[in-house]
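Values below: all heavy atoms of this structure, side chains included; hydrogens, waters and symmetry mates excluded. So that the names make sense, note that chain A is the first sequence line, chain B the second, and so on, each numbered from 1.
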2 protein chains.
Amino acid sequence: MKIATYNVNGVNGRLPVLLRWLQEAQPDVVCLQELKAPQERFPLKEINDAGYNAIWHGQKSWNGVAILSKGYEITEVQRALPGDPEDIQSRYIEAIIDQIVICCLYLPNGNPYPGPKFEYKLAWIDRLKKRTDELIKMDLPAVIIGDFNIIPTPFDVHKPERWENDALYRIEVRKAFEKMLKKGWLDSIRTLFPEEKIYTFWDYLYKAYDRDAGIRLDHVLLSPYLSSRLKSGGVDRHVRGWEKSSDHAPVWIELEKEGKQ
Amino acid sequence: MKIATYNVNGVNGRLPVLLRWLQEAQPDVVCLQELKAPQERFPLKEINDAGYNAIWHGQKSWNGVAILSKGYEITEVQRALPGDPEDIQSRYIEAIIDQIVICCLYLPNGNPYPGPKFEYKLAWIDRLKKRTDELIKMDLPAVIIGDFNIIPTPFDVHKPERWENDALYRIEVRKAFEKMLKKGWLDSIRTLFPEEKIYTFWDYLYKAYDRDAGIRLDHVLLSPYLSSRLKSGGVDRHVRGWEKSSDHAPVWIELEKEGKQ
DNA sequence: GAGGTAAGAG
DNA sequence: CTCTTACCTC
């Protein structure tokens with residue numbers, strides 16, 4: 001089973017690129033972030049025509065997340081991260097697909113630091129921690145996947161020294177990410193490529209992609225139960241070079257069939 | 001000599017379509033309207049690369065007119081319709097190309113009727129009348145060409161009864177157009193196709209092009225001196241069906257070489 | 001730089 | 001509907 005994440009930065013503007021990539025990569029499950037479309041303007045018809053069914057949680061202008069699947073039924077579990085009924089931003093959607101809990105997230109950016117947006121990010125991470133601790137405790141096969149807006153280590157950024165006070169790299173969020181891993185979640189891409197520079201995002205500005213001035217923000221975390229099934233993975237970084245591409249590249253992993261292990 | 005007019009509705013957004021049509025139609029002279037670009041953002045390089053030189057009068061957001069020519073020198077005569085120094089809208093540019101006076105215009109829309117915009121339209125037509133009377137008096141070979149925003153007759157609109165109080169069809173502007181023809185100007189497209197329904201504009205709304213709910217707004221008027229050289233003409237209406245097309249279609253005529261008559 | 005929104009014009 | 005500008009976010 002191939003599971004992917006792609007921050008599309010506008011699902012309608014990105015549709016040609018998204019469909020081209022789906023056709024090429026043929027993932028079984030795709031988590032999308034930054035739909036930037038209200039619920040009723042999700043391009044379901046075109047997604048269906050490409051062979052995918054979908055659930056999504058839209059929002060006008062910002063955020064918005066979706067889970068797509070080809071050939072597997074999608075059973076929605078929830079469309080909000082528990083812990084704050086006041087939080088109306090569409091950043092989390094959770095479903096069960098082929099007996100696996102898929103948690104698709106678009107974690108707050110948090111800039112500027114310091115400030116209320118950074119505080120919101122920390123609070124959001126706390127709530128995520130509670131949810132993911134539960135999943136671990138319940139011993140479920142689960143995937144936490146999406147745009148974390150967290151650069152996990154100095155090795156995951158072109159010039160670490162420039163990022164010290166950026167919300168994507170602040171020590172608080174790196175520590176929180178590390179704490180999740182300590183609980184048992186596997187950073188699958190880093191595990192597969194322990195020594196390689198791997199980026200998933202290159203800014204539109206300053207020809208960041210041409211200079212490979214990127215950062216690693218999009219992650220696929222596997223619960224202990226699933227970790228042994230990790231077969232392969234990667235970043236489709238060439239997609240970032242396509243015409244009218246998102247500033248993120250798709251990230252994917254492949255899991256061994258359950259019977260095989 | 002093939003002379004064309006095309007209301008592009010944004011010269012920068014329309015560039016792929018414009019270049020494709022230029023390549024296909026190979027006009028010698030092209031009058032453009034609704035550049036919707038300030039003077040410094042006219043895409044001269046791309047126009048030059050397509051083999052055309054150009055003069056233009058831009059304006060931020062609205063209006064804007066240009067004259068393009070392939071292989072002929074363009075001698076600019078004026079870039080404003082005489083008669084009102086207060087009028088700063090870029091709606092008129094005049095040049096001599098191959099001994100012919102080319103008057104490229106984007107006549108005010110004039111809606112809503114009644115109101116100051118309609119009054120401005122009538123005043124603009126008055127000034128145009130003065131200028132074109134002069135050209136007739138001087139016996140010059142001249143072409144008045146562009147988007148007149150005038151539906152000349154009931155035969156030039158899908159459903160005339162719906163347009164009685166529209167500034168494009170108001171009796172005042174139709175009368176004014178008729179008066180120009182009486183002075184000696186030849187409505188070349190109508191002359192070539194006296195019996196046919198001919199439209200040059202189809203609204204973006206309500207699938208107007210699919211329903212062929214169009215109107216005839218773009219005209220090519222020939223001075224008496226030139227009328228005998230009229231060889232052929234037409235509307236490239238298929239261009240209106242292209243992806244990302246303008247709401248207008250290009251209109252063109254072909255003149256016999258001067259020696260030939 | 002490139003998405004989104006909104007208003008104004010057509 | 002589809003242009004434009006100006007603004008906001010990342």
Side-chain angles (χ1 to χ4, degrees), chain A residues 7-18 32-38 41 58-64 89-91 106-113 115 117-118 120-121 147 149 166-168 201-211 213 215 217-218 240 242-248, chain B residues 7-15 17-18 33-38 41 58-64 89-91 106-113 115 117-118 120-121 147 149 166-168 201-211 213 215 217-218 240 242-248:
Chain A
N7 179 322
V8 288
N9 188 16
V11 70
N12 284 300
R14 203 68 59 218
L15 205 50
V17 166
L18 173 61
L32 301 179
Q33 302 87 36
E34 281 205 87
L35 303 180
K36 287 184 168 177
R41 270 206 252 156
Q59 182 179 329
K60 192 163 104 169
S61 299
W62 295 296
N63 314 315
Q89 299 190 26
S90 298
R91 296 180 169 277
Y106 173 51
L107 212 141
N109 176 293
N111 276 307
Y113 166 86
K117 290 188 174 182
F118 188 70
Y120 172 62
K121 180 176 195 166
D147 176 0
N149 271 318
D166 191 290
L168 306 184
F201 169 95
W202 297 261
D203 207 300
Y204 284 125
L205 292 85
Y206 319 122
K207 307 207 175 286
Y209 181 65
D210 295 340
R211 296 184 298 119
I215 50 185
L217 292 182
D218 303 271
R240 178 62 180 83
W242 289 352
E243 275 288 290
K244 304 225 107 212
S245 99
S246 169
D247 38 8
H248 293 250
Chain B
N7 178 321
V8 288
N9 188 15
V11 72
N12 284 299
R14 203 68 59 219
L15 203 51
V17 165
L18 173 60
Q33 302 87 36
E34 280 204 88
L35 303 180
K36 288 185 169 177
R41 270 206 252 153
Q59 183 181 328
K60 191 161 100 167
S61 299
W62 296 295
N63 313 315
Q89 300 189 26
S90 298
R91 295 181 170 277
Y106 173 51
L107 210 142
N109 176 294
N111 276 308
Y113 167 85
K117 292 189 174 182
F118 188 70
Y120 172 62
K121 179 176 194 166
D147 177 359
N149 271 318
D166 191 290
L168 307 185
F201 169 96
W202 296 261
D203 207 299
Y204 284 126
L205 293 82
Y206 319 121
K207 308 206 174 286
Y209 181 65
D210 296 340
R211 296 184 297 119
I215 51 185
L217 293 182
D218 303 271
R240 178 62 180 82
W242 289 354
E243 274 290 289
K244 303 225 110 212
S245 98
S246 168
D247 39 7
H248 293 250

Worksheet item: Under 4.5 Å between any side-chain heavy atoms of B:Leu168 and B:Phe201, yes or no?
Response: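 A side-chain contact is absent here, since even the closest heavy-atom pair is not under 4.5 Å.
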Item to complete: Check whether any side-chain heavy atom of A:His248 sits under 4.5 Å from a side-chain heavy atom of A:Leu217, and report yes or no.
Response: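 Yes; the side chains approach each other to less than 4.5 Å.
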Practice prompt. Kindly indicate, with the supporting measurements, whether the criterion side chain to side chain donor-acceptor pair (under 3.5 Å) is fulfilled by B:Lys117 and B:Asn111.
Written response: CA-CA 6 Å; B:Lys117 292 189 174 182; B:Asn111 276 308; over 6 Å; no
Specify the separation, in whole Å, of atom [atom1] of [X] and atom [atom2] of [N].
| X | N | atom1 | atom2 | result |
| --- | --- | --- | --- | --- |
| B:Gln33 | D:dC3 | CD | C1' | 15 Å |
| B:Asn7 | D:dT2 | CG | P | 16 Å |
| A:Asn63 | C:dG3 | CG | P | 17 Å |
| B:Arg14 | D:dC1 | CZ | C1' | 11 Å |
| B:Asn109 | D:dT2 | CG | P | 19 Å |
| B:Arg91 | C:dG10 | CZ | C1' | 11 Å |
| A:Gln59 | D:dC10 | CD | P | 11 Å |
| B:Trp202 | D:dC3 | CH2 | P | 17 Å |

Which nucleotide in the list [options] gets nearest to the side chain of [X]?
| X | options | value |
| --- | --- | --- |
| B:Lys117 | D:dC3, C:dT5, C:dA9 | C:dA9 |
| B:Tyr106 | C:dA2, C:dG4, C:dG10 | C:dG10 |
| B:Ser61 | D:dT5, D:dC10, D:dT2 | D:dT5 |
| B:Trp62 | C:dG4, C:dA9, D:dC10 | C:dA9 |

OP1 or OP2 of [N] less than 4.0 angstrom from a side-chain nitrogen or oxygen of [X], does that happen here?
| X | N | result |
| --- | --- | --- |
| A:Lys36 | C:dT5 | no |
| B:Arg240 | D:dT2 | no |
| B:Lys60 | D:dA6 | yes |

Discussion item. Within the 4.0 Å heavy-atom criterion, would you say A:Lys207 contacts the bases, only the backbone, or no part of the nucleic acid?
Written reply: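 Counting heavy atoms under 4.0 Å across all strands, no contact is made by A:Lys207.
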Worksheet item: About how many Å separate CG of A:Asn109 and CG of A:Asp166, when rounded to the nearest 0.5 Å?
Response: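 If I round to the nearest 0.5 Å, the distance is 7.0 Å.
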Worksheet item: Around atom CZ of A:Arg211, are there more than 12 heavy atoms of other residues, nucleotides or ligands at under 6.0 Å?
Response: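 For A:Arg211, atom CZ is crowded (more than 12 foreign heavy atoms under 6.0 Å).
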